[in-house]
Number of protein chains: 2
Amino acid sequence: MKQITGTKQKILDTAERLFGERGYDGTSLRHIIAEAGVNLAAVHYHFGSKQELLDEVVLRKAGPVNEARLALLDRIEAEAGRRPPAVEKVLEAFLGPMVESAERNPQFVRLMGRMHAEGLIPGILRKHFQPAASRFLAALRRALPGLSEQEFLWRMHFMIGAMAHTMCRSPEFPGAAAGDVRSRIARLVVFLSAGFRAPAPRLRRSR
Amino acid sequence: MKQITGTKQKILDTAERLFGERGYDGTSLRHIIAEAGVNLAAVHYHFGSKQELLDEVVLRKAGPVNEARLALLDRIEAEAGRRPPAVEKVLEAFLGPMVESAERNPQFVRLMGRMHAEGLIPGILRKHFQPAASRFLAALRRALPGLSEQEFLWRMHFMIGAMAHTMCRSPEFPGAAAGDVRSRIARLVVFLSAGFRAPAPRLRRSR
DNA sequence: GTCTATACTGAGATAGAC
DNA sequence: GTCTATCTCAGTATAGAC
């Protein structure tokens with residue numbers, strides 16, 4: 001385990017902080033290197049491009065979050081035995097670890113929300129979260145056998161939107177005590193579970 | 001009614017199209033002026049800045065949408081008499097006109113979603129939609145007397161997130177027939193109504 | 001292998017001639 | 001009202017010092 005030179009580390013740390021504070025587009029490489037006290041070209045040497053820097057910032061944090069999520073899901077599924085676990089449980093397992101990460105490092109969840117916001121960046125989120133997310137998708141699917149595949153996918157999208165927006169905008173939100181992340185999750189879980197459980201709409205043949 | 005010079009109009013039309021197609025950050029002024037066949041400085045002469053150009057693009061479309069929304073809300077409230085109208089009705093009145101606008105001009109709703117996404121741009125959406133939105137907020141509030149103010153506001157945020165994400169990302173979405181906007185709305189309304197109606201969570205004193 | 005200096009291209013903005 | 005020229009600041013690329 002060699003101690004990494006420091007330059008790369010400093011860039012990562014500073015980038016994580018600034019991306020979280022001001023967004024990806026809102027943070028210039030020059031701002032990052034100024035605060036980190038390194039040279040501009042060092043960024044491209046170590047990471048190749050601004051996007052790849054972001055990629056590594058996300059990667060560093062996404063790993064632990066995903067592991068925690070999957071561990072929770074394992075436990076929940078074990079507890080449920082052969083029956084599918086409750087929607088609420090699955091959603092909590094999905095949202096909880098992100099929240100704990102947020103408590104240790106508020107900037108990170110902010111960044112997650114922002115990234116979803118800024119258009120997902122080509123596919124970074126998908127890349128890092130897809131593997132874990134698809135297991136949750138399957139678990140939710142089992143918990144909601146009554147929904148058509150299409151209806152189910154739409155509801156996943158509604159969920160993702162609500163989640164991202166909540167993570168991203170909550171700090172600047174009236175009445176949202178800064179540290180009150182747990183109740184934020186509780187509220188989200190209740191809201192989303194009810195939405196997921198709602199009977200599917202009867203649709204007129206379109207047009 | 002003087003015929004506007006043409007330059008301003010051309011810029012607006014082109015900007016609306018390109019912003020919708022490639023997002024705000026993804027569209028350079030130079031790209032806009034090239035397609036519109038005008039000079040770069042003309043943009044700053046007529047609009048002042050790229051942001052203010054976006055502002056006017058939104059303004060041009062937001063007006064009719066808001067009028068339609070409020071007209072629907074009036075009708076619904078009249079029909080309901082002294083009783084508050086159903087959550088579903090209010091949500092439909094809110095989402096419907098946006099959808100109709102989308103059918104005439106798919107790019108616009110796309111842009112709306114994207115703007116929410118790209119970080120709201122300082123306050124453009126708030127500026128143009130707040131007046132109408134606050135009447136809807138009041139109507140929803142009356143339809144949901146059981147919720148605490150705070151719970152209610154959070155749920156509004158969940159709704160906005162789901163809405164924005166759905167508008168923004170739906171075109172590139174598997175299984176989403178392009179023209180199938182009406183059923184998209186129906187699904188959203190069902191999902192959100194159920195969420196709004198869910199009993200509020202019991203929250204542990206935080207921490 | 002690491003890092004620095006510097007140059008290149010394209011962005012938004014602005015002053016001033018016409 | 002319109003256009004040219006120019007400014008500043010992005011992200012990126014490369015040559016070469018250590």
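Each chain gets a letter, A, B and so on, in the order the sequences are listed, and its residues count up from 1.
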> What integer distance in Å separates B/Arg22:CZ from C/dA11:P?
Replying inline: 11 Å
>> Of the options C/dT4, D/dC3, C/dA13, whose atoms approach the side-chain atoms of B/Lys50 most closely?
In response: C/dA13
> Once you round it to whole Å, what is the distance between P of D/dT8 and NE2 of A/His31?
Replying inline: 20 Å
> How many Å lie between CD1 on A/Ile33 and P on D/dC9, as a whole number?
Replying inline: 14 Å
>> Distance check needed: C/dT14 C1' versus B/Phe47 CZ, whole Å only.
In response: 18 Å
> Could you state the CG-P distance from B/Leu29 to C/dG10, rounded to the nearest angstrom?
Replying inline: 16 Å
> Taking it one step at a time, do B/Leu91 and B/Met159 satisfy side chain to side chain contact (heavy atoms under 4.5 Å, CB included)?
Replying inline: CA-CA 10 Å; B/Leu91 291 179; B/Met159 174 187 84; 3.5 Å; yes
> Hey, is the side chain of A/Arg30 pairing donor to acceptor with the base of D/dG11 inside 3.5 Å?
Replying inline: yes
> Please give, in whole Å, the distance from C/dG12 C1' to B/Glu52 CD?
Replying inline: 13 Å
>> Would you say A/His128 and A/Asn66 are linked by a side-chain donor-acceptor pair, where the criterion is simply a distance under 3.5 Å?
In response: no
> Given atom CG of B/Asn39 and atom P of D/dG1, what is their separation to the nearest angstrom?
Replying inline: 16 Å
> At under 4.0 Å between heavy atoms, what does B/Ala42 touch on the DNA or RNA strands: base, sugar-phosphate, or nothing?
Replying inline: nothing
> Taking the six-membered ring for Trp, is the centroid-to-centroid distance between B/Phe158 and B/Phe196 below 6.0 Å?
Replying inline: no
> OP1 or OP2 of C/dT14 less than 4.0 angstrom from a side-chain nitrogen or oxygen of B/His44, does that happen here?
Replying inline: no
>> Can you see if the side chain of A/Tyr45 gets near the phosphate of C/dC3 - specifically, an N or O under 4.0 Å from OP1 or OP2?
In response: no
> Could B/Arg69 and B/Phe94 be counted as a cation-pi pair, given that NZ or CZ must be under 6.0 Å from the ring centre and within 45° of the axis?
Replying inline: yes
>> Nearest whole Å is fine: how far is C/dT2 P from A/Ile11 CD1?
In response: 12 Å
>> Is A/Ser28 close enough to D/dC9 that one of its side-chain N or O atoms is under 4.0 Å from OP1 or OP2 there?
In response: no
>> Please check: side-chain N/O of A/Lys50 versus main-chain N/O of A/Thr27, any donor-acceptor pairing under 3.5 Å?
In response: yes
> Think A/Thr7 has a side-chain N or O under 4.0 angstrom from the OP1 or OP2 of C/dC3?
Replying inline: yes
> For A/Leu40 and B/Leu40, take the nucleotide of DNA chain C holding the closest heavy atom to each; which residue's nucleotide lies nearer the 5' end?
Replying inline: A/Leu40
